Amino acid sequence: MIISWNTTNKCNMYCKHCYRDSGNKAKEELNTKEAKELLDEIVKAGFKIMIFSGGEPLMREDIYELTEYARQIGLRPVLGTNGTLITLDVAKKLKESGVMGVGISLDSLNSNSHDNFRNYNGGWKKAVEGMENCSKVNLPFQIHTTVMNWNKNEILDITDFAVDMGAVAHHIFFLVPTGRGINIEKEALNREDYEKTLKDIMLKQREVSIELKPTCAPQFMRIASENNVRTRFRKGCLAGTAYCIISPVGNVQPCAYLNSSMGNVRETPFSEIWRNSSLLNQLRASDYKGKCGVCSYKIDCGGCRARAAFYNNGDLMSEDSWCLHSVGKGVYV
């Protein structure tokens, strides 16, 4: 089980697609004591992988103390970052504090395109330097890419770049229009390009030794099966079943792109929210509507619950209309 905590809303970038609308620090973010209590609750709930994300987690002064504490209590701490603040000294501190992996965002091999998308001059150069610094201290890192209509043709080239850089994985994120991402919805892939890109990624997995993982695109499970591509993953959409996210102020959501709070950890212990939330139990029942409800890949895929909700007036159990699979016909429509 994997969980992500947006440690802060503070960020040195102002990315066009940010689901958290990060930039300035949020009022009343969890303090160090509250954060450690949250980590204890996360262990109690049975989670293993702890993602410290943001905003930009490296802008939180106690980040090393928190990652060290997470490791001490049996979690596997990893970091989700834009990479621009990972100097050699920071990489060493992350390694020493128990961080076991770092995800660094890189959205294009064209530095200007990357910097424009993230509204940060020099961001591409610093992100790559961050990767190099991780390598120097033997801190495993992976590349995170958000795929849009303007960079879809270079995704596989970024995979090759990840291999050359020594990354352990390339995770490709598919836009769900939330936060600032609503403003660039038209730049997201259409249904046909979505299907094609997923197939290209899965076929590319046969050629490279590093892990390729589409995110917010659970149909990759079907496509992997159809093309006999081996993957360690067992389910596409994990929202509410083996994954959730916690905001900087302690609100618990099924995933980053489902802006539905099931409670706040300041008011209710996280382990109780995870166990008792009616929304989470609804997701766990997998009682989907439309073609998702009758699809043979219902359990393996699950459809993107956030995308289903966005395009169906907030109904997170609706069908994921971005999927081209035609149930019962073996064709695509």
Side-chain angles (χ1 to χ4, degrees), residues 11-23 53-59 79-87 102-135 141-201 203-204 207-208 210 212-217 220 256-257 307 322:
C11 191
N12 60 334
M13 289 186 168
Y14 197 79
C15 303
K16 294 180 179 180
H17 63 302
C18 182
Y19 65 83
R20 191 56 77 191
D21 195 14
S22 295
S53 64
E56 173 48 56
L58 289 173
M59 298 191 78
L79 205 74
T81 171
N82 60 46
T84 61
L85 303 179
I86 305 180
T87 62
V102 177
I104 298 176
S105 300
L106 195 79
D107 301 301
S108 177
L109 295 181
N110 182 299
S111 60
N112 290 331
S113 296
H114 172 88
D115 292 357
N116 178 64
F117 190 50
R118 295 187 171 267
N119 281 310
Y120 189 90
N121 291 332
W124 190 94
K125 182 175 183 293
K126 289 185 177 181
V128 173
E129 289 175 353
M131 298 175 199
E132 293 171 341
N133 288 329
C134 286
S135 292
F141 73 91
Q142 60 190 47
I143 290 180
H144 292 169
T145 301
T146 297
V147 58
M148 306 292 292
N149 59 16
W150 54 266
N151 69 349
K152 65 180 185 292
N153 293 326
E154 59 174 320
I155 296 302
L156 304 187
D157 292 331
I158 298 175
T159 294
D160 290 334
F161 178 81
V163 173
D164 291 341
M165 288 295 297
V168 297
H170 183 201
H171 286 198
I172 301 101
F173 292 73
F174 287 71
L175 183 75
V176 179
T178 54
R180 289 200 291 268
I182 291 177
N183 301 322
I184 57 171
E185 179 190 356
K186 293 183 179 179
E187 295 180 38
L189 300 187
N190 60 35
R191 297 169 75 212
E192 291 74 20
D193 285 341
Y194 176 83
E195 180 82 16
K196 180 182 182 301
T197 302
L198 282 177
K199 184 174 182 180
D200 289 345
I201 293 168
L203 294 180
K204 182 70 172 179
E207 303 175 12
V208 296
I210 69 171
L212 304 186
K213 169 64 165 61
T215 299
C216 299
F220 84 90
Y257 308 100
R307 193 173 285 110
W322 237 243

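In what follows, residues are counted from 1 in the order of the sequence shown. Since the model is a prediction, treat every value here as computed from it, not as a measurement.
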- prompt: Salt bridge between D200 and K196, side-chain N to carboxylate O under 4.0 Å?
  reply: yes
query: Do S22 and E56 have a side chain donor and acceptor closer than 3.5 Å?
result: no
- prompt: For the atom pair OG (S53) and CG (L79), what is the distance rounded to the nearest 0.5 Å?
  reply: 8.5 Å
query: Just how far is it from atom CG of L189 to atom CG of N151, taken to the nearest 0.5 Å?
result: 8.0 Å
Heavy-atom pair of closest approach, residues I104 and A127: CG2-O, 4.0 Å
query: Side chains of W150 and S108: does their closest heavy-atom pair fall under 4.5 Å?
result: yes
message: Please check: side-chain N/O of K152 versus main-chain N/O of N149, any donor-acceptor pairing under 3.5 Å?
response: yes
query: Looking at D107, T146, T84, which hits side chain to side chain donor-acceptor pair (under 3.5 Å) with R118?
result: D107
query: Roughly how far apart are I182 CD1 and H17 NE2, rounded to 0.5 Å?
result: 14.0 Å
- prompt: Are the side chain of R180 and the backbone of C15 linked by a donor-acceptor contact shorter than 3.5 Å?
  reply: yes
- request: Answer yes or no: is there a donor N or O on one side and an acceptor on the other, between the side chain of R307 and the main chain of L175, under 3.5 Å?
  value: yes
Validation row: M131, I143 side chains within 4.5 angstrom (heavy atoms): yes
message: Within the structure provided, determine whether K204 and I155 are in side-chain contact (heavy-atom separation under 4.5 Å).
response: no
Side-chain donor-acceptor pair present, H170, T159, cut-off under 3.5 Å: yes
- prompt: What's the spacing between K16 NZ and N183 CG if we round to 0.5 Å?
  reply: 10.5 Å
field: T145 side chain vs L106 backbone, donor-acceptor pair below 3.5 Å
entry: yes
query: For the residue pair W124 and F161, does the interplanar ring angle fall in the parallel (under 30°), tilted (30 to 60°) or perpendicular (over 60°) class?
result: tilted
- prompt: After noting the C-alpha distance and the side-chain angles of T81 and F141, does the key distance pass the side-chain contact (heavy atoms from CB on, under 4.5 Å) rule?
  reply: CA-CA 11 Å; T81 171; F141 73 91; over 6 Å; no
field: Where P214 and I201 come nearest, the two heavy atoms and their spacing
entry: CG-CG2, 4.1 Å
message: Tell me whether K125 is salt-bridged to E129, with the criterion being a basic N under 4.0 Å from an acidic carboxylate O.
response: yes
statement: Between the CD atom in E195 and the CZ atom in F220, the distance rounded to the nearest 0.5 Å is 13.5 Å
task: Can you label the angle between the H171 ring and the H144 ring as parallel, tilted or perpendicular, going by 30° and 60°?
output: parallel
- prompt: Is there a donor-acceptor contact under 3.5 Å linking the side chains of N12 and N82?
  reply: yes
- request: Report yes or no: does N133 contribute a side-chain atom to a donor-acceptor pair with the main-chain N or O of I86 at less than 3.5 Å?
  value: yes
- request: Would you check if the distance from the ring center of W322 to the ring center of F174 is below 6.0 Å?
  value: no
task: Look up atom OH in Y257 and atom SG in C216, then write down how far apart they are to the nearest 0.5 Å.
output: 4.5 Å
Side-chain donor or acceptor of D21 paired with backbone N/O of G179 under 3.5 Å: no
